[in-house]
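This report concerns only the one structure given below.
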Amino acid sequence: MFEDLQLPTSVSLFGVLVALLVLHLLYSIFSSSDRKEPPGPRCFPLFGNLFQVDLKNLDQSLFDLSKKYGPVFQVNFGPKKMVVLAGYRTVKQALVNHAVEFGNREITPAFNDLTKRHGILFSNGDTWKEMRRFALTTLRDFGMGRKMSEGIITEECRYLIEEFEQLEGKPFSNTKAINYATANVISTLMFAKRFDYNDPAFQAMVQRENDIILLTGSASVWIYNFFPWLGPFLKNWRELIKNVESNMAEARKLIADLKETLDPEKCRCFVDAFLIRKKQLEDSEIQNLHYHDENLLYSVTNLLEAGNDTTANTVKWSLLYMAKNPHIQDRVQEELSRVVGSRQVQMEDRKSLPYTDAVIHETHRLSNIFPIALPHATSKDVTFQGYSIKKGTTVIPLLTSVLYDESEWESPHTFNPSRFLDKDGKFTKRDALLTFSAGRRMCLGESLARMEVFIFFTSLFQHFRFTPPPGVSEDGLDLTPIVGFTRSPKPQKLCAVRR
Ligand code: HEM
């Protein structure tokens, strides 16, 4: 390396390198003795703690480690250091009391490849702020948490009920139709378009959406995040990219159709609202840094992906919990018959349905849809619970450890709606229910999701009794989850018997 240099130059360069190395060593010794890092299991060279965790069951593995190392600990995945926050108090303290410090998104190599830091889910800084604000206000103006969404959901629910009626009480696998229904709700909000459940292109799109979520949380995509050069050799990685590209192409087509028929006087959906805003900025010659095609495409696909699988899975879990606990289903149906009868359920009925509301909240807790939330990153150096955590460190708010926190929930693995009822049978909120996370990055679609789950759940149980198929006992229903980034129930047969 130094052969082309003259001797005095190479000697002095060598001296500088040695001095830099010594300085670096001294700095690491002194800076680490000053700073108290979170504890954690001992690391192996190159692989870190990869052999001490089960990547296929990451949330449970980290929860087990938290029992040994405490509520703030660190693990190294290959070269990547991650700080894990465990338990309700710690997660809340970090995400709410230190909202800014813990409020960035960790953009792993996989997330970076998939969204190029555009949109809402995997962006930071001004792009994230503007896109999140726009999505929240647009969905709110457009009816999120309000009447218009309720109308869309109620209408979609009718199609779902029709679908179940056609089964005439025969055993069916509940997965597909529910995904089509929740996909249609988001699609109507995004594109003003609902699809027929039998449309093969729609079926393929929803299937790819589900696969994307499953693949993103798979062990090999985690490995890709730590060793990105392995990408081309990982089948799941190639599959993930293929699915994402196909769904992007579909979304591009839908956006192009809306662009062609855009009428600035008549806003039909989220895409229209974005295009109208873009045009207004261009017409008024205000500098437009954020309202461009990429942010539109990625915001829309973010909302489709974040809003479909999560909500559908919650509804699927609710059917399974009810089929497994027929005495709880009896009480829900008794309350629904008494309060609502056979008319269409409305959001306003919720306050008169305390038991049903408690069952839905217990479903949100036990189903634990997003077990490790989405990874966060520190936006600056922070001292937390006495530990120093450097800017840019990956942080995992371990929602499993919140929703199953034994100091908050008695027998956390039991389905017990009465934890959400007071002694008079009135519904009572529980702060530790962080299904939607907390702080700056908490779920943007919470009110829409809560409305969807409420309307779908109550309407389905008004019309049907859900049971295990003939020959299978309640105990025979399997609650083992399939864990990707979200937790979904294993596909299995149930019967929907008309009441
Ligand atoms: C039961 C259904 C749902 C659950 C359990 C859920 C849960 C979550 C969780 C845990 C996060 C991560 C928060 C964090 O990083 O700390 C999240 C983020 C997000 N969710 Fe949801 N979600 C649901 C439905 C929805 C729906 C219906 C939409 C959209 C219409 C949506 C849009 C988003 C978005 C855009 C983010 C990223 C927020 C950001 O980074 O600023 N979610 N959700």
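The chain is numbered in sequence order, starting from 1. First listed ligand is number 1; within each ligand, the first listed atom is number 1. Everything numeric in this text was worked out from a predicted model, so none of it was measured.
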Proximity winner for [atom], if only heavy atoms of [options] are counted:
atom	options	value
atom 43 (N) of ligand 1	Ser149, Ser437, Cys443, Ala438	Cys443
atom 9 (C) of ligand 1	Phe370, Phe102, Trp317	Phe370
atom 34 (C) of ligand 1	Leu444, Leu448, Asn302	Leu444
atom 4 (C) of ligand 1	Phe436, Phe485, Phe270	Phe436
atom 32 (C) of ligand 1	Gly439, Ser447, Ala306	Ala306

So does [X] have more than 12 non-hydrogen atoms from other groups sitting under 6.0 Å from [atom1]?
X	atom1	value
Lys266	NZ	no
Arg89	CZ	no
Lys391	NZ	no

- Message: Checking side chain to side chain contact (heavy atoms under 4.5 Å, CB included) between Lys490 and each of Leu479, Thr480, Leu477, Leu320, which is the one that passes?
- Response: Thr480
- Does ligand 1 have an atom that lies less than 4.0 angstrom from a heavy atom of Phe122?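 Not so, Phe122 does not reach ligand 1.
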- Message: Measuring from non-hydrogen atoms of Glu446 to any atom of ligand 1, is the shortest distance under 4.0 Å?
- Response: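 Not so, Glu446 does not reach ligand 1.
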Which one holds for [X] and ligand 1: side chain close, backbone close, both close, or neither close, with close meaning a heavy atom under 4.0 Å?
X	value
Arg132	side chain
Leu399	side chain
Arg105	side chain

- Message: Taking 4.0 angstrom as the limit and counting only heavy atoms of Ile120, give me the atoms of ligand 1 inside it, by number and element.
- Response: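 This gives 40 (O) as the contact atoms.
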- Query: Looking at Thr435, which atoms of ligand 1 are within less than 4.0 Å of one of its heavy atoms?
  - Reply: 5 (C), 7 (C), 10 (C)
If we only count N/O pairs under 3.5 Å, is [X] in contact with ligand 1?
X	answer
Trp128	yes
Thr314	no
His376	yes

- Message: Between Lys81 and Glu37, does any NZ, NE, NH1 or NH2 come within less than 4.0 Å of an OD or OE carboxylate oxygen?
- Response: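 Salt bridge present between Glu37 and Lys81.
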- Message: I'd like to know if Glu406 pairs up with Lys67 as an ion pair, taking the criterion as any Lys NZ or Arg NE/NH1/NH2 lying under 4.0 Å from an Asp or Glu carboxylate oxygen.
- Response: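 Salt bridge: no.
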- Message: For Tyr355 and Phe427, I'd like to know if the aromatic rings sit close, meaning centre-to-centre distance below 6.0 Å.
- Response: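 Ring-ring flag for Tyr355/Phe427: false, centres at least 6.0 Å apart.
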- Query: Is the distance between the ring centroids of Tyr180 and Phe202 under 6.0 Å?
  - Reply: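 Between Tyr180 and Phe202, the centre distance is under 6.0 Å.
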- Message: Angle between ring planes, Phe274 versus Phe134, binned at 30° and 60°: parallel, tilted or perpendicular?
- Response: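 Rings of Phe274 and Phe134: perpendicular, over 60°.
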